[in-house]
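Worksheet: the structure to be examined is printed underneath.
Below, chain A is the first sequence line, B the second, and so on; all start at residue 1. Predicted model, so just to flag it, every value in this text is computed and none were measured.
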Amino acid sequence: MNPLLPFIMAGDPSLESLPRLLAEAKALGIEALEIGLPHSDPIADGPVLQAAAHRAIQRGATPLRVLETLAGLTESPDLILFTYLNPLLQIGADRLMELLRPTPVKALLVVDLPDSEEVEFEARLRSAGYPMIPLLSPTTDLERAKGLLERRPDPGPGHPFAQRFAYVVARLGVTGTGSATDLKPVGERVAALQTLSSRPLAVGFGLSDPAALGAVRAMGATPVIGSALVQALAAGEGFGSFLNPRLA
Amino acid sequence: MNPLLPFIMAGDPSLESLPRLLAEAKALGIEALEIGLPHSDPIADGPVLQAAAHRAIQRGATPLRVLETLAGLTESPDLILFTYLNPLLQIGADRLMELLRPTPVKALLVVDLPDSEEVEFEARLRSAGYPMIPLLSPTTDLERAKGLLERRPDPGPGHPFAQRFAYVVARLGVTGTGSATDLKPVGERVAALQTLSSRPLAVGFGLSDPAALGAVRAMGATPVIGSALVQALAAGEGFGSFLNPRLA
Amino acid sequence: MRATNMNEGDRPLASLPLRPPRAPHSVSGHSPATASAFLLPTRFGAGGLGGCYAPETLMQPLLDLEEAFRKAVEDPSFETELKSELRHFVGRPTPLTSAPRLAAKLGLKALFLKREDLTHTGAHKINNAMAQALLARRMGKTEIIAETGAGQHGVAAAAACARLGLSCTVYMGVVDMARQAPNVARMRLFGTQVVPVEAGQGTLKEAVNEALRAWAARCDKAHYILGSALGPHPFPTLVRTFQTVIGEEARAQVLEQTGALPDSVIACAGGGSNGLGLLVPFLGDALHRFAVEAGGHGSALGEHAARLDGGRMGVLHGCKTLLLQDQHGHTAETASISAGLDYPALGPELAALALDGQIEVLRASDDQALEAATWLCESEGILPALESSHALALLPELAKRGFATVLLGLSGRGDKDLATYQSKLGI
Amino acid sequence: MRATNMNEGDRPLASLPLRPPRAPHSVSGHSPATASAFLLPTRFGAGGLGGCYAPETLMQPLLDLEEAFRKAVEDPSFETELKSELRHFVGRPTPLTSAPRLAAKLGLKALFLKREDLTHTGAHKINNAMAQALLARRMGKTEIIAETGAGQHGVAAAAACARLGLSCTVYMGVVDMARQAPNVARMRLFGTQVVPVEAGQGTLKEAVNEALRAWAARCDKAHYILGSALGPHPFPTLVRTFQTVIGEEARAQVLEQTGALPDSVIACAGGGSNGLGLLVPFLGDALHRFAVEAGGHGSALGEHAARLDGGRMGVLHGCKTLLLQDQHGHTAETASISAGLDYPALGPELAALALDGQIEVLRASDDQALEAATWLCESEGILPALESSHALALLPELAKRGFATVLLGLSGRGDKDLATYQSKLGI
Ligand SMILES: Cc1ncc(COP(=O)(O)O)c(C=O)c1O
Ligand SMILES: Cc1ncc(COP(=O)(O)O)c(C=O)c1O
């Protein structure tokens, strides 16, 4: 089981440091990593990721420059491009596939794209090897979850974690460290989902301290660490020094 | 024919100087004089008399103190008490008659009392020797003027000018010097009124320079000089020095 | 969902209860008919309040006005004109809003608000201003003069004049201009000249003084649109006649909504135009009628505008009525947080009805009015004018006295008072 | 004068044209019915605009909302409730005012103003806010979240919440809070918490971002009352459905007053709620329909909010529509003197109608809007909201093009904009 799924914001602290960060992650044994594409209107993000996106945009981290920076990188975990839909739509499916091909991106997590809305766009990306990661939230009942998991299916054990997992949102609201999340409900949710499929699950939103990460691992799921990591990196802390104590 | 009907505001410049002013007026040969009772809301007065009333009130020139100051004065022209109704109503007809008896007041000019409104009050004052002076304005047509003159009748040649005259307002608006009043319309008005009765007429509102006063005299009427005189007195000019050149 | 027809055009026509004052308080021994050239009663009640205490210059204009008024109300084309403006421009009929949450909070069974705050320009003043502007146009007048306190009458007159193409000058005390600044801006946007009146305490009384003076100077061309049920005859009758549309509507509405009359009806009273407008149509009914004056910040002369207890009979601005005055017959200073109630004289018809026991007059203090405004805001989502808040402030008293169903005249909206509410309530 | 009966109670009941989007622009190939759990059409026009681009957390709340909406509009008791509030609280029907002096000035034969400025709280926003608040109450929600730009939707939501006893939080950009300060005070008086949004340019877009985030955190207890015809399905349909009462009334009124339809109908468009509300009921008619966007102070990106020419298809705030954006798909800055039009996306249904040739979209600059406001003030005595002034500003263009009878949606009153009018017009 993948012990940790870190999230970083592309371009924060800087685009230049991104290749080094990714290499460091790989060296730490990180299998997959979510990389956020900074957006002007991150409606699902809390203050930490809003601010990180804002800084990154100010420093010129446009979608194209981010993808260019990723092109050709080999020393990197598998990447999940965490993004809002509009920048992808503006690039267009064809060009996007071209841009993704030379990068370590293995899947997309498009926060504001339900599987019903851009069926053709999504299908083309999927057949080009870029599946969309399903998101399940506390408001998603099991019935609905089943449909979501079916319509964004697990490509199967032959595929890397980055393309297989479903993202389970631990609490209502937006990304962010916030106050300590009560993990009991998400624990029950994870258990229920595990009866539905054997697909790997990641749990995110509000996780930061090692105890919480451990609790998620105890559920048999991969904890996501996002805002806390971004905040630490922005504060100048080293990637390894922050992640090491949280790696199981 | 009475050549001039001056108006002064009781209490302005001061109540103390009032007896001296009246004596001076008498010495100048002034037969009758309008004396204004300072009121809080002088709706028929322009800025000069408003300000004079305000100053007088500030200095304590209440109706009672004014009447007390006038009591017993013998060196004075006949006085016409120029006033608004409310202070008289508050004093009441009985008390008012008592207060007036020792003064040189011979008649009342109550700016806001049409003859229809306080018939009993007015009748009692009239029978006590205090008739109300009728006012005729540019908006009073001849028909109405006739009625007004009848309902506030001339007591007859045996009576002093102060009790006999009717006041012809020379122009629309309120008291005040203002711009030079065109005297042609009021001349026609005076001529027409002179065909109705032989009662003395005074013409006022907006008169100040000797030429205008002379023009009124040429109509066979008595010019009233009010705001200009009050302004001169307030500016420290002597009563005689201001009136002398205007006394025909 | 059934598609029934929501169509303003189908609303029944407005009734304009344009009729002379009611018999019980219309005749007075003080004013022998022989002496007055007026044809309508000029006096109210047993005490003969009202009258026409005007300088001679204004007498013929007042006689002309009465004649024009009498003719207009007999003329179906005036009715048509006025109804059309009231409906299509002013927004009449205004709703009668049931306020269940506020009623419950205050221990009442039911509370109904007559929503003059929803009229164009935001207060009942427009009913009268538009009617008089139409009258002025019929009289061939091209200029309008008006006074204003809260600015609502000034804004209403300014709007009516812009609408009819009449030029308009409004006199307003400098203190009122400061505390009702939004209304000054609104008048100016409507092309009206607002003349600051510095005299005295710089409030409504001085504005009326100055408007009367201006009218005397321009009465050949100008009509004076007086904004409350005060001044010399025929103004009190005119204004009241044009405002009873409030009560006529409200009475029909409450009957229609509940099948019964309320046990009490209440309105605030400055000069008395909205008070009479609401209450007069209920005079024949077996219910309690209340008017609320400004209690200001104290009970000494000068600290309030409560004329019933604080005033004596006197004459100001052309009429005889209850007047706050000193022992010399000089008008007293007044104080109220609400510019529209900050006036030393109670309108003569309202004063007469009070003295004759037809309407009970109470007072609410500045602080009570402020608090009452928050009740209505928080319980019903309606921001009342400070004037109207004085009526709201008496609701607990009515509940205490056992009244259960109350109809309240919400004379205007509180947008003009936002600065006061903000500073006094710390919003 | 005949005493006919002026009685609000006799007014015909409001029709609530609560029906799904019209066939011509309701079906889209982009959204296979199989994938969506929604039952109402989620897309508009040939281009398939709209949709539901929402984070998963909000999907179930949106599904629940659609279901509640569908049930409510089928439920006569909801119709009764809503009609009652619209009539007795909001003040519907609003008048249709003929503006003959302004028409003459601008060379039109006739001009009719649909007077949403006369609604309670002063703009059309209350139609939707009250309807959604009632819906929220039916859904058992106790908290309301809303965004606001001009503050009119915020005030409307605050009023509706106070009236129904719901707690309310409104998100508002700090720039908008400054330029629409009176509305901030009004919301607070109604007991609403106003949360300043500092992000970005501090206007409506950021307020929506923050409201969506707040809703995601509280969607178990809170309903989000979106204030314009935008956002994820079902909001555009919901808001538009609750606003077509404007055009339904106006259409019946103009027919009743003139016996004919006008040759053109025009409204301003921020998100598009008043535009759709007025124009949709005229879609089947042979006349010209116009919507007016904010031309701001220039034609470069960032200097205006004119999405039709300036925008490209994109997704913001849950829907696909014409969007002002840079080449990276980042939302562009916008500029307009009117907070209510200062938004980078045209509502999807309005954009679809524009692209499909049903509605012509024009723009008016800040300066044109300011000047147009003075026309209405001076010619008719009505102070328009800055938003509505944008529609007024295009009247000379319509006259030039040969249109003679125009019906204009006066979406709100200008009291909130007094400070801007004063400083820009030097009043
Ligand atoms: C909203 C409102 N209510 C009441 C009043 C008081 O006047 P009246 O007693 O004539 O109704 C005013 C006066 O300006 C006002 O603006
Ligand atoms: C008065 C007024 N008109 C128009 C608008 C624009 O919104 P919409 O396009 O949704 O009607 C607003 C928005 O706040 C407004 O307040």
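Using a 4.5 Å cut-off between heavy atoms, A:L136 contacts chain D through its backbone alone, with no side-chain atom that close. Contacts of D:D220 with chain A are made by both backbone and side-chain atoms, with heavy-atom separations under 4.5 Å. For D:E206, no part lies under 4.5 angstrom from a heavy atom of chain A. Only the side chain of D:P61 comes within less than 4.5 Å of a heavy atom of chain A; its backbone N, CA, C and O stay farther away. Both the backbone and the side chain of A:L135 come within contact range of chain D, judged by heavy atoms closer than 4.5 Å.
Note on D:V315, D:L323, D:D64: by heavy-atom pairs under 4.5 Å with chain A, the leading option is D:V315. Counting heavy-atom pairs closer than 4.5 Å to chain A, the top residue among D:T57, D:N209, D:V208, D:L212 is D:T57. Among the candidates D:R213, D:R218, D:H328, the residue making the largest number of heavy-atom pairs closer than 4.5 Å to chain A is D:R213.
When all heavy atoms are compared, the tightest approach of D:K205 to A:S40 is NZ-O, 4.5 Å. Across all their heavy atoms, A:P114 and D:M59 have their closest contact at CG-SD, 3.7 Å.
The backbone N or O of D:Y53 lies less than 3.5 Å from no partner atom in the side chain of A:D112, so there is not a single donor-acceptor pair.
Side chains of D:R312 and A:Q90 form a contact here, defined as non-hydrogen atoms less than 4.5 Å apart. Residues D:H233 and A:E117 are not in side-chain contact: their nearest non-hydrogen atoms beyond the backbone lie 4.5 Å or more apart. By the 4.5 Å heavy-atom criterion applied to side chains, A:P38 and D:H330 are not counted as neighbours.
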